[in-house]
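Keep in mind that the numbers below use all heavy atoms, side chains included, and drop hydrogens, waters and symmetry copies. Residue numbers start at 1 and run along the sequence shown.
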Amino acid sequence: IQPIVSVRYLDSATYSDIILPESYPLPTGTVTVIHAKAMNGYTLIGEDSRSVSVDLFGNADQYEVQFYYTAISLPEVEARYLDSATGTDIADAERKACALNENTAFEAKNIPGYQLNGESVQYVWVNENGEASTNQILFRYSAVNTPVVVIQYLNSDTMAEIIASETIAC
């Protein structure tokens, strides 16, 4: 008779199964090496394999093998919007969580009175260990000289202001 060994892949913080347990029948009179699996978003803790011995009578030295993993924290990357001349922020920064093994796109904002210098989209790559290619994206802008028109309300005889003048950006 062949014993059946269950293999579990567990989150070390919650002790919950990351994927469904797997079952394997093992032949008698053998030693079988069971290997841990790579789990996306997790890092294996401890040994990457375990041996299970089955005697000639079909008795296994263990009927359940457990591998423990730690969840990888997803990095948050900050996008900042800066005046090129002064280096000061001209809009609120934004933070975005980035997925593992993916490029995450950050798009420049349309900021009135400023023109973007450079690419309108920048990307951050996060590897399988949760390490981001950068922790901050910088979008740089130049102030645009916006023409203005001043409207004055004057008495045609005295040229005195009747009401306060208005300034309108074009």
Side-chain angles (χ1 to χ4, degrees), residues 2-54 58-144:
Q2 288 185 324
I4 296 182
V5 173
S6 175
V7 181
R8 296 182 66 196
Y9 306 92
L10 303 168
D11 183 306
S12 63
T14 64
Y15 300 104
S16 59
D17 290 298
I18 298 168
I19 61 171
L20 291 175
E22 299 171 336
S23 297
Y24 298 100
L26 301 180
T28 59
T30 63
V31 174
T32 302
V33 178
I34 298 173
H35 296 278
K37 291 184 174 186
M39 298 285 168
N40 194 27
Y42 289 88
T43 300
L44 176 67
I45 299 172
E47 300 174 20
D48 63 352
S49 65
R50 305 272 167 73
S51 297
V52 179
S53 298
V54 179
N59 298 311
D61 64 351
Q62 55 188 321
Y63 289 90
E64 183 174 273
V65 172
Q66 298 176 348
F67 293 104
Y68 289 92
Y69 297 79
T70 299
I72 295 172
S73 298
L74 296 178
E76 276 196 2
V77 174
E78 179 182 61
R80 292 182 60 201
Y81 309 91
L82 306 174
D83 183 306
S84 296
T86 64
T88 58
D89 291 295
I90 54 175
D92 290 337
E94 294 179 346
R95 296 187 71 74
K96 189 187 292 189
C98 300
L100 295 177
N101 295 318
E102 286 185 21
N103 270 323
T104 301
F106 288 81
E107 295 185 24
K109 291 181 178 182
N110 182 15
I111 301 173
Y114 287 89
Q115 180 176 357
L116 176 66
N117 302 333
E119 298 296 322
S120 63
V121 178
Q122 294 185 40
Y123 296 92
V124 174
W125 172 259
V126 177
N127 68 18
E128 63 276 356
N129 298 319
E131 298 162 342
S133 57
T134 185
N135 63 355
Q136 190 175 70
I137 295 286
L138 300 176
F139 290 102
R140 298 185 189 282
Y141 296 78
S142 294
V144 177

Whether S53 side chain and D61 backbone form a donor-acceptor pair below 3.5 Å: no

Results of side-chain hydrogen bond (donor to acceptor under 3.5 Å, both in side chains) for D17 - residues two or more places apart only: R8

Exam field: side chain Y141 to backbone K109, donor-acceptor pair closer than 3.5 Å: yes

S12 side, atom OG; L44 side, atom CG - distance, nearest 0.5 Å: 10.0 Å

Atom pair CD1 (I90) and CZ (R140), whose distance is rounded to the nearest 0.5 Å: 11.0 Å

Contact summary for N117 and S142, nearest pair of heavy atoms: ND2-OG, 2.8 Å

Exceeds 12 heavy-atom contacts within 6.0 angstrom, atom OH of Y24: yes

Minimum heavy-atom distance S133-Y123, with the two atoms named: OG-O, 4.5 Å

Worked verdict on V126 versus L74 for side chain to side chain contact (heavy atoms under 4.5 Å, CB included): CA-CA 8 Å; V126 177; L74 296 178; 5.6 Å; no

Donor-acceptor pair, side chain of N129 and main chain of E131, under 3.5 angstrom: no

Reported CD1-to-OH distance for the pair I19 and Y9, which is rounded to 0.5 angstrom: 5.5 Å

Pairs satisfying side chain to side chain donor-acceptor pair (under 3.5 Å), at least one member in residues 72-81, at least two apart: E76-R95, E78-Q136, R80-D89, Y81-E94

Heavy-atom closest pair, residues V31 and S51: CG1-CB, 4.0 Å

V52 vs I34, side chain to side chain contact (heavy atoms under 4.5 Å, CB included): CA-CA, chis, key distance, verdict: CA-CA 8 Å; V52 179; I34 298 173; 3.9 Å; yes

Straight-line distance of Y15 OH to L10 CG, nearest 0.5 Å: 9.5 Å

Shortest non-hydrogen contact between Y63 and N59, atoms and distance: OH-CA, 3.6 Å

Rounded distance (nearest 0.5 Å) linking atom CD1 of I4 with atom OG of S23: 6.5 Å

Closest contact, heavy atoms only, T28 versus G58: CG2-CA, 3.6 Å

Separation between CD of Q62 and OG of S6, rounded to the nearest 0.5 Å: 11.0 Å

For residues 98-108, please give each side-chain donor-acceptor pair under 3.5 Å, one per line with the distance, not counting sequence neighbours.
residue: N101; atom: OD1; partner: E128; partner atom: N; Å: 3.2
residue: N101; atom: ND2; partner: N40; partner atom: OD1; Å: 3.3

For V5 against E64, the heavy-atom pair lying closest together: CG1-N, 4.4 Å

